[in-house]
Amino acid sequence: MPVEEFVAGWISGALGLVMGYPFDTVKVRLQTQNTYRGIMDCMIKIYRHESVLGFYKGMSFPIASIGMVNSVLFGVYSNTLQALTSTSHQDRRAQLPSYTCIFIAGCTGGFLQAYSLAPFDIIKVRLQNQTESRVRPGSPLPRYQGPMHCAATILREEGFRGLFRGSGALMLRDTPTLGLYFITYEGLCYQYTPTGQQPSSTTVLVAGGFAGIASWITATPFDVIKARMQMGGVKQKAYKGMLDCIVTSFRQEGLGVFFRGFTINSARAFPVNAVTFLSYEYLLRMWG
């Protein structure tokens with residue numbers, strides 16, 4: 001069911017995005033700005049200065065695009081695994097494919113997702129980093145008036161390559177991480193599901209949640225580098241490259257900088273990925 005895999009990935013990705021977006025905004029601010037003392041300080045300042053709407057800055061664009069990106073991930077993963085093992089999604093519940101095949105399929109999906117995601121992600125990150133309040137009279141106008149204006153400004157000031165700023169770090173974040181992501185999910189589902197049966201909703205929720213947490217353990221350092229490179233063009237002080245960004249960040253802020261946002265990423269990862277996988281599995285069963 002190649003088409004259904006893509007559609008299910010589209011819908012489940014959108015649901016996960018809506019649930020986790022406020023936490024994602026806090027994570028991006030912590031990774032790219034030095035004005036917050038921690039998660040709670042960041043949340044309080046966003047709420048006080050920008051209202052609850054501040055947590056949803058830039059969400060309209062990702063909600064329209066994340067479905068496509070997530071459909072690439074789940075669709076490519078499932079179809080690559082089917083090509084490697086000659087088994088359908090339902091067949092894999094009876095006999096778990098080798099972890100090597102799962103990892104390769106997850107990495108393939110992550111690699112292709114990264115380059116599909118890059119232009120949408122930089123626009124999201126730029127909009128999330130705007131601290132101007134739109135609800136207070138007299139507040140200065142934000143640099144970007146919306147996602148399309150942001151895209152046009154990047155193209156005008158930084159060229160077409162500007163839309164792919166940080167894509168190398170994004171690729172290094174998603175490729176191995178999503179291999180681990182699917183290994184964790186498939187392994188836990190298989191471990192706690194009686195042979196020949198479909199995993200229960202509880203099993204899917206728990207497996208999906210732990211898969212999300214496991215993936216962020218390896219993803220966070222490159223997630224930080226990715227976000228910093230994406231913001232580098234705003235003040236025309238872009239890093240010379242990924243290595244320069246890594247070295248500069250380490251020299252200025254120490255090793256801990258590479259784990260900024262890990263706590264909130266982990267807290268967000270469990271419910272978001274639990275819902276993503278539950279809706280994905282439910283849709284495939286409904287259409288199966």
Side-chain angles (χ1 to χ4, degrees), residues 5 8-9 11-24 26-27 31 39 66 69-71 73-78 80-81 85 89-90 92-111 113-114 117 172-224 258-285:
E5 299 279 1
I11 296 172
S12 62
L15 290 173
L17 175 77
V18 172
M19 174 173 283
Y21 200 84
F23 301 103
D24 187 64
V26 174
K27 179 263 296 185
Q31 289 178 337
I39 295 171
I66 194 65
V69 173
N70 216 61
S71 73
L73 171 62
F74 278 88
V76 170
Y77 164 73
S78 187
T80 301
L81 193 55
T85 63
H89 181 79
Q90 301 299 329
R92 294 197 296 270
R93 293 298 175 222
Q95 180 58 51
L96 184 70
S98 71
Y99 286 123
T100 300
C101 289
I102 293 172
F103 184 74
I104 291 172
C107 288
T108 303
F111 178 82
Q113 174 195 257
L117 176 63
L172 289 174
R173 183 196 76 174
D174 285 358
T175 302
T177 292
L178 288 165
L180 176 63
Y181 179 68
F182 284 108
I183 281 180
T184 304
Y185 175 72
E186 299 283 10
L188 287 174
C189 280
Y190 184 76
Q191 183 73 30
Y192 294 102
T193 302
T195 304
Q197 296 185 22
Q198 295 297 315
S200 67
S201 296
T202 301
T203 299
V204 170
L205 284 169
V206 172
F210 277 110
I213 293 174
S215 65
W216 277 113
I217 292 172
T218 56
T220 298
F222 281 111
D223 191 50
V224 173
F258 301 114
F259 295 93
R260 280 193 184 176
F262 174 71
T263 301
I264 196 166
N265 265 338
S266 298
R268 176 189 66 145
F270 195 97
V272 167
N273 289 282
V275 168
T276 297
F277 271 110
L278 184 64
S279 56
Y280 176 74
E281 293 282 357
Y282 175 78
L283 289 168
L284 289 182
R285 292 177 196 178

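Just so it is clear, the values below take in all heavy atoms, side chains as well, and ignore hydrogens, waters and symmetry mates.
- Taken to the nearest 0.5 Å, the CG atom of L284 stands 9.5 Å off from the OG atom of S279.
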Which donor-acceptor pairs under 3.5 Å do the side chains of residues 213-222 make with protein atoms, sequence neighbours left out?
unit_1 : atom_1 : unit_2 : atom_2 : d
S215   : OG     : A211   : O      : 3.4
S215   : OG     : G212   : O      : 2.7
T218   : OG1    : T177   : OG1    : 3.2
T218   : OG1    : S215   : O      : 3.0
T220   : OG1    : W216   : O      : 2.7

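- S12 OG to Y282 OH: the interatomic distance, rounded to the nearest 0.5 Å, is 14.0 Å.
- I11 meets the side chain to side chain contact (heavy atoms under 4.5 Å, CB included) test with V7, L15, L283, W287; sequence neighbours excluded.
- The two atoms that bring V272 and G20 nearest to each other are CG2-CA, 3.5 Å, heavy atoms only.
- Rounding to the nearest 0.5 Å places CG of N70 at 9.5 Å from CG of L17.
- Within 6.0 Å of CZ on F262 lie more than 12 heavy atoms contributed by other residues, nucleotides or ligands.
- In this view, Q191 satisfies the side chain to side chain contact (heavy atoms under 4.5 Å, CB included) rule with no residue, not counting sequence neighbours.
- Under the side-chain hydrogen bond (donor to acceptor under 3.5 Å, both in side chains) criterion, T85 pairs with T87, not counting sequence neighbours.
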Would you list the atom pairs, donor with acceptor, under 3.5 Å between side chains in residues 178-190 and any protein atom, with sequence neighbours excluded?
unit_1 : atom_1 : unit_2 : atom_2 : d
Y181   : OH     : N273   : OD1    : 2.6
T184   : OG1    : L180   : O      : 2.9
Y185   : OH     : E281   : OE2    : 2.6
E186   : OE1    : R93    : NH1    : 3.0
E186   : OE2    : Y77    : OH     : 2.8

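- Take T202 and apply the side-chain hydrogen bond (donor to acceptor under 3.5 Å, both in side chains) test, not counting sequence neighbours, and it matches no residue.
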Taking only distance into account, with no hydrogens and no angle test, what donor-acceptor pairs under 3.5 Å do side-chain atoms of residues 100-109 form with protein atoms, sequence neighbours excluded?
unit_1 : atom_1 : unit_2 : atom_2 : d
T108   : OG1    : I104   : O      : 2.8

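- For R260, the side-chain hydrogen bond (donor to acceptor under 3.5 Å, both in side chains) partners at least two apart in sequence or on another chain are N34, E253.
- Applying the side chain to side chain contact (heavy atoms under 4.5 Å, CB included) criterion to S78, with sequence neighbours excluded, gives E5, R92, Y280.
- The side chain to side chain contact (heavy atoms under 4.5 Å, CB included) check on P22 picks up F55, Y56, with sequence neighbours excluded.
- With sequence neighbours excluded, the residues forming a side-chain hydrogen bond (donor to acceptor under 3.5 Å, both in side chains) with N265 are R268, listed by chain and number.
- In this view, D174 satisfies the salt bridge (charged side-chain N to carboxylate O under 4.0 Å, His left out) rule with no residue, not counting sequence neighbours.
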